[in-house]
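What follows is a single structure, written as structure tokens, with notes after it.
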Amino acid sequence: EDKVVQSPLSLVVHEGDTVTLNCSYEVTNFRSLLWYKQEKKAPTFLFMLTSSGIEKKSGRLSSILDKKELFSILNITATQTGDSAIYLCAFDTSGTYKYIFGTGTRLKVLA
Amino acid sequence: GAVVSQHPSWVICKSGTSVKIECRSLDFQATTMFWYRQFPKQSLMLMATSNEGSKATYEQGVEKDKFLINHASLTLSTLTVTSAHPEDSSFYICSASLAGAGETQYFGPGTRLLVL
């Protein structure tokens with residue numbers, strides 16, 4: 001059975017800290033890994049990763065995928081209170097094109 | 001580009017009534033739309049995959065007679081929660097793929113349903 005595990009479940013940091021969020025997976029037909037940020041409404045797209053070892057970067061956020069060890073990390077540097085959200089990773093499984101979501105990491109950044 | 005809307009944003013209804021939620025792709029055609037539900041402090045759970053012009057494919061454990069999905073056009077899919085009960089109260093989110101199955105999904109803003 002396909003499985004996605006995110007850690008930690010919850011995290012509280014102060015502004016300016018750097019955080020690393022983990023997503024590990026067991027997926028039979030891996031196509032791509034996606035990271036989403038969810039605040040009060042629906043998730044907003046952050047990154048799509050398909051190849052191992054290639055870092056994707058957007059401002060203070062970056063992400064990388066390790067297909068050998070079956071995990072991905074999402075880094076946020078110099079955190080701000082606006083980064084407070086739930087961060088979800090998901091898998092796009094080839095053949096079905098359905099997304100399987102992890103449980104999410106709830107990040108709270110204190111001023 | 002790639003904007004998905006949902007209507008309504010919030011709905012409160014009495015137990016036993018049916019509720020229809022619309023999902024529209026505003027600036028692109030979506031061959032495939034997906035419906036998710038999310039309970040508080042939980043992740044998104046896929047309910048069904050909706051393809052234009054054909055019957056929806058439901059995930060295991062999702063009652064197709066309870067959650068009716070219609071994908072009548074390339075820009076509109078509807079989810080009807082029939083005879084809603086308090087346990088159906090949840091956050092319902094749709095997503096749409098730009099060029100059909102296999103492309104990045106773009107999410108609507110979600111609909112919060114509260115059944116009294």
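Excluded from the calculations below are hydrogen atoms, water molecules and symmetry mates; all remaining heavy atoms, backbone and side chain alike, are included. By convention in this document, chain letters (A, B, ...) are assigned in the order of the sequence lines, proteins followed by strands, and residues within each chain are numbered from 1.
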**Q.** Close approach to chain A in residues 57-86 of chain B, criterion heavy atom under 4.5 Å
**A.** B:Glu59
Q | Options B:Met45, B:Gln38, B:Gln42, ranked by heavy-atom pairs under 4.5 Å with chain A, top entry | A | B:Gln38
Q: Check salt bridge (charged side-chain N to carboxylate O under 4.0 Å, His left out) between A:Lys57 and all other residues, then give those that pass, not counting sequence neighbours.
A: none
**Q.** Hydrophobic cluster identity match, A:Ile100 and A:Tyr87, side-chain contacts under 4.5 Å
**A.** yes
Q | Side chain, backbone, both or neither of B:Gln6 within contact of chain A (heavy atoms, under 4.5 Å) | A | neither
**Q.** Side chains of B:Ile93 and A:Gln38 in contact at under 4.5 Å (non-hydrogen atoms)
**A.** yes
Q) Just by distance, do the side chain of A:Tyr99 and the backbone of B:Gln105 share a donor-acceptor pair under 3.5 Å? A) yes
Q. When clusters are formed by joining ILVMFWY residues with side-chain heavy atoms under 4.5 Å apart, either directly or through shared neighbours, do A:Leu34 and A:Phe71 land in the same one?
A. no
Q: Identify the heavy atoms of A:Ala42 and B:Gly110 that sit nearest to each other, and give their distance.
A: CB-N, 4.3 Å
Q.
Side-chain heavy atoms nearer than 4.5 Å, only ILVMFWY residues, links allowed to pass through others: does that put B:Tyr106 and B:Trp35 together?
A. no
Q: Would you mind reporting whether A:Tyr36 and B:Phe107 have side-chain heavy atoms less than 4.5 Å apart?
A: yes
Q.
Looking at B:Ser43, is its backbone amide N or carbonyl O close enough to the side chain of A:Thr103 to form a donor-acceptor pair, meaning the two atoms are under 3.5 Å apart?
A. no
Q. Same hydrophobic cluster for B:Tyr36 and B:Val19, using side-chain heavy-atom links shorter than 4.5 Å among ILVMFWY?
A. no
(Q) Using the rule that Ile, Leu, Val, Met, Phe, Trp and Tyr join whenever any side-chain heavy atoms are under 4.5 Å apart, tell me whether B:Leu46 and B:Phe39 fall into a single cluster. (A) no
